[in-house]
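Here, residue 1 is the first one in the sequence, and each next residue gets the next number.
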Amino acid sequence: MGSSFTLEEERQRVIEDISRLCSFEHMKNLDVNKNGIWRKRIDNKVYFRKGEIGHWKNYLTPHMVERLDCLMEEKLQGSGLVF
């Protein structure tokens, strides 16, 4: 994100803590994501599937994948991210 960690942050294992807190397993198991409801209609847990690589193929059609790829490229153009 353009900012480096300090030596003290590295010693305190801040990078590892951030990685753990942002992991799929951790996010999936937060109480708000297991039991919360979005806009009083949708259970938050529906946003978390198995977290397996390639599992999206069981949910998206080839047309959906193509559309998503185009949207991602369009929205992230100029961000420096390469697909």
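For the atom pair CD1 of Ile15 and CD of Glu9, the computed distance is 8.0 Å after rounding to the nearest 0.5 Å. The distance from the CD atom of Glu16 to the CD atom of Glu10 is 8.5 Å, given to the nearest 0.5 Å. Note: Glu52 CD to Phe24 CZ = 9.0 Å, rounded to the nearest 0.5 Å.
Contact record, Arg20 with His26: O-CB, 3.3 Å, taken as the closest heavy-atom pair.
Residue His63 qualifies as open at atom NE2: its count of foreign heavy atoms under 6.0 Å is 12 or below. Within 6.0 Å of CD in Gln77 there are 12 or fewer heavy atoms belonging to other residues, nucleotides or ligands.
Glu66 is linked by a side chain to side chain donor-acceptor pair (under 3.5 Å) to nothing, counting only residues two or more places apart in sequence or in another chain. With sequence neighbours left out, the side chain to side chain donor-acceptor pair (under 3.5 Å) criterion links Glu8 to Arg11, Gln12.
Leu81 and Leu68 fall within the same hydrophobic cluster, defined by Ile, Leu, Val, Met, Phe, Trp and Tyr side-chain heavy atoms under 4.5 Å apart, directly or through other members. Follow the hydrophobic side-chain contacts under 4.5 Å out from Leu30 and you never reach Ile18; the two are in separate clusters. Criterion: ILVMFWY side-chain heavy atoms under 4.5 Å apart, direct or through other members. Under it, Met27 and Leu21 are not part of a common hydrophobic cluster.
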